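Before I ask anything, here is the structure I am working with.
Remember, it's 1-based here, ligands and their atoms both numbered in the order they're listed. Everything numeric here is computed off the predicted structure, so don't read it as measured data.
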Amino acid sequence: MICLLSIAFAFVTKTSAQDPFSTAKDTNNHSVPFYSPVRAPALPLAVRSPYTSAWVSTVNNGTLNSNGAIFWNGDSLGWEGIITIDGMSYEYFGTGMSGLPLMKEITKAVPHSVSYDSEYTNFSLDAGPIRVTARFFSPVLPKDLCKTSVPLSYFEASFESMDGAPHDVQLYSDVNGRWVTNEGHKPLNWNLYRSSTPVNGAGNSTDSSDTVYNWLVKEQNPFPFGENNDHPQWGNLSYATSPGTAKKFTFQSGHSTEIRYRFVTERSLNNSVDPQFRGQAEAARWDAQLRADIASYYTVNAAMIYSNSTPQPPPPYANASQAVYTNGTDQFGQPYIFDPTTAYGFLTPDGVRGIAVPDVSEANSYYAILALSSRQTMGGYAMAVSPTNSSQPLVFQKEISSNGNINTVDVIFPAMPFFMYANPELFRMVLDPIFEIQEGGFYPNGYSIHDLGSRFPNATGHVEGNDEPMPVEESGNMILMAYAYYKFSGNKEYMVKHYPILKQFAQYLIDFSLIPEHQLSTDDFAGQLTNQTNLAIKGIVALDAISKVAEVLSQADDASRYLDISTKYFEAWTHFAIDPSSNHTLLSYQHRASWGLLYNIYPSLLLNLTVIPQSIFKMQSEWYPKVSQIYGVPLDSRHHYTKSDWQLWAAASSLPSTRRLFVNAIAYWLNHTSTDRAFTDWYETVGTGGYPEGGSTFIARPVAGGHFSLLALWKAGMDKALMGNGTWGWKQSTAA
Ligand SMILES: *[C@@H]1O[C@H](CO)[C@@H](O)[C@H](O)[C@H]1NC(C)=O
Ligand SMILES: *[C@@H]1O[C@H](CO)[C@@H](O)[C@H](O)[C@H]1NC(C)=O
Ligand SMILES: *[C@@H]1O[C@H](CO)[C@@H](O)[C@H](O)[C@H]1NC(C)=O
Ligand SMILES: *[C@@H]1O[C@H](CO)[C@@H](O)[C@H](O)[C@H]1NC(C)=O
Ligand SMILES: *[C@@H]1O[C@H](CO)[C@@H](O)[C@H](O)[C@H]1NC(C)=O
Ligand SMILES: *[C@@H]1O[C@H](CO)[C@@H](O)[C@H](O)[C@H]1NC(C)=O
Ligand SMILES: *[C@@H]1O[C@H](CO)[C@@H](O)[C@H](O)[C@H]1NC(C)=O
Ligand SMILES: *[C@@H]1O[C@H](CO)[C@@H](O)[C@H](O)[C@H]1NC(C)=O
Ligand SMILES: *[C@@H]1O[C@H](CO)[C@@H](O)[C@H](O)[C@H]1NC(C)=O
Ligand SMILES: *[C@@H]1O[C@H](CO)[C@@H](O)[C@H](O)[C@H]1NC(C)=O
Ligand SMILES: *[C@@H]1O[C@H](CO)[C@@H](O)[C@H](O)[C@H]1NC(C)=O
């Protein structure tokens, strides 16, 4: 079942290509592409919204023509690319050719390289004497609301002769109806437009090179706002191109096997359209800016490394039974000999076992993470126009893969650093509908709502108040997010407008945050836990934040009252929450020796709040390396799994040496994990770095926005706030 668009070229280029990469072979003598910057588990092809979300997995050292295009949830999407050279057809994209009869004129292109930046994923493969390059471009335009609202993605195929000889070349590409619906029995309409005129039958020999041909595919009986297994049940697919420099341009719709067979045998299509069948340039700025900002950040924030010029014993290795590295290979798979001038981390006192962090570039690691996170974050959101005020766009987030809720407060919260870095106004548009529902009296509880509806795209709210209850979590989040928006935008009116409901949430925190009895936190997969240290501190930080809101609004009495309560609560919290060893905070008040990532202190730093002192950051920063595993620091002492977003919040709340451990461990995990879909934020820190044992699978979640924690801190001018004077931890004086 296929819609088909073919560009047939008779076009020759001559080059003397230099090959910077030598392709490796696996044990079966199959070529393994060169991956750059790391072998991410899956790469974005077209990722612009919860419904435009096409990826390719790299499982089994795969590339574009070994693992076909998939929707974020793993359902296959038909998307095919064939290049024919002097009569021989090479499949360079997709796996659909396996459906054709065995013919000596058909083979697979040989993988060469796979690279990604924050907007492009590029593949090159060798097709006999030709190198073909397929580039997939999903622009990241957080500052351009108009373009962001149109979920267009670009695919470009180009080729060059490797042997300098002229060749006869045709390019072919098709997509199928799975882009519109995953329900195979549903009738679709396929229409081809030439510019805006429907094409019925033959093509047009008078085309100019930029005439746009556009296939528009939609369900005959769409069901607005419906979903089936996360696929939309309404909307259009548009697949468009121009003839460009092709000498001959043809198209066809029909059954995929027949059309592909026709192409490889006749090397052109029949220009037929069966409407009842089955019954750039703006955006390059994002990547350039991201690279420049990361470079600037690390110019002033590079981690220092342990040095024996000012000797200090390395910290003890906390858990030698979990993972032991001796001379030979370290956790980065690199040759490792303990040398106190180049290594730090946590090692046994004899200095020969433990987890050591070799001197790899943290900046490169951070770019590898953020380049993969940019499209995934933006791809979790869709824009809409308010029915009551068409000049005000609203932005809706899908809680992809975990449960499909719309605008989940505690899923927006972790993504906050992305928006503070990229465009706080976009963040306001995500918050607006959450305020609107609650201030309009459509939510009965005194604390904040959890989400705007249990299934995206229906923002129908919870008028009965029976949403998933996370009262302290969401009330704290709303105050912190509103104040963050103010800090980064300066929009005081917004604070004036929402102060009453923020005060209402603050009252809830006054009543319940210090001793949060049975409450769910955002990490609800770990279950309810009484007296969660990290949840309590969120409430305390949020009370600190609302005192600053009150200050902005010249409400001096409120400001001092909130600050007073926050300060008193913090004092009490230190007695409940800190382990008697004074070495770390507990996971929950009543569990001695437990621990966890205390990521909720990050907003205190980001927003330059005053109640949480540096000593808490320092204590945690010294603790994390002692409990790190090969792929990072576990979320808490109950499990080996962790969350990438919360790790990077904790990293941003740590001193450089510990931050580097987090960043490098996550990049290392990305390069080696056995997970095979879009960046999961929830994974095992041991073993193969797979999905959590016995847990569900988080995929393509927009919480990847939390990975921007370092850049948000930097933008706020708070990146060096923890450095203070003197040295502490085992960070010493030699620059990396
Ligand atoms: C591996 O494949 C190459 C061709 O790609 C061939 O020349 C070589 O002999 C093969 N090596 C083995 C060990 O089979
Ligand atoms: C992937 O390729 C690497 C060599 O780059 C090899 O060590 C590894 O075993 C391969 N993995 C699989 C699953 O083939
Ligand atoms: C991908 O290709 C585009 C277009 O040629 C180029 O601008 C971009 O730098 C490439 N990115 C990578 C990572 O190769
Ligand atoms: C062919 O192109 C010409 C000039 O652009 C246009 O006027 C004509 O309508 C086209 N014919 C068809 C069948 O699309
Ligand atoms: C959205 O709401 C409509 C109307 O109640 C319903 O039929 C549809 O199934 C809902 N969509 C989803 C994805 O649940
Ligand atoms: C689909 O395309 C048709 C025709 O261009 C248009 O009228 C309709 O609004 C589109 N639907 C959506 C959901 O974009
Ligand atoms: C590790 O290597 C160093 C330097 O070669 C050597 O002195 C030391 O004995 C080795 N330790 C072990 C456990 O092999
Ligand atoms: C929660 O902490 C408070 C203060 O330490 C304590 O009184 C209460 O018993 C704790 N709750 C549980 C279930 O341990
Ligand atoms: C706390 O840390 C110090 C130094 O890192 C260590 O010597 C001490 O044993 C730790 N205390 C406990 C109770 O673990
Ligand atoms: C990723 O892994 C490959 C081997 O699989 C290795 O060659 C490369 O250096 C690694 N890259 C990083 C940044 O760790
Ligand atoms: C943080 O707040 C303090 C006052 O508490 C102020 O002196 C300092 O300049 C602020 N830092 C930034 C980066 O805004």
Numbering the atoms of ligand 5 from 1, which are under 4.0 Å from a heavy atom of Phe225? 1 (C), 8 (C), 10 (C), 11 (N), 12 (C), 13 (C)
May I ask you to check whether Asn664 and Ser365 show a side-chain donor-acceptor distance below 3.5 Å? yes
Tell me if the centroids of the rings in Tyr447 and Phe512 come within less than 6.0 Å of each other.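 Tyr447 vs Phe512: aromatic centres not under 6.0 Å.
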For Phe456, atoms of ligand 5 separated by under 4.0 Å from a heavy atom: 13 (C)
Any chance the side chains of Ser53 and Trp55 put a donor and an acceptor closer than 3.5 Å?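 Indeed, the side chains of Ser53 and Trp55 share at least one donor-acceptor pair under 3.5 Å.
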Is a side-chain N or O of Gln620 found less than 3.5 angstrom from the main chain of Leu597, in a donor-acceptor match?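 Side chain of Gln620 to backbone of Leu597: no pair is present.
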Check Arg455 against ligand 5 and report side chain, backbone, both or neither, counting heavy atoms closer than 4.0 Å.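 Side chain only.
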Phe223, portion touching ligand 5 at heavy-atom distance under 4.0 Å: side chain
So for ligand 2, is Asn60 a polar contact partner (N or O within less than 3.5 Å, distance only)? no
Proximal protein residues to ligand 8, non-hydrogen atoms under 4.0 angstrom: Ile515, Glu517, Thr530, Asn531, Phe576, Tyr589, Gln590
Taking the six-membered ring for Trp and the single ring otherwise, decide whether the centroids of Phe570 and Trp573 are under 6.0 Å apart. yes
I'd like to know if the side chain of Asp579 reaches the main chain of Asn583, judged simply by a donor and an acceptor atom lying under 3.5 Å from each other, with no hydrogens or angles considered. no
Asp523-Trp646 side chain donor-acceptor pair, cut-off 3.5 Å: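 The criterion, which ignores hydrogens and geometry beyond distance, is satisfied for Trp646 and Asp523.
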Just jot down the salt bridge (Lys or Arg N to Asp or Glu O under 4.0 Å) partners of Asp75, sequence neighbours excluded, or say none.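 Listed in chain order: nothing, the list is empty.
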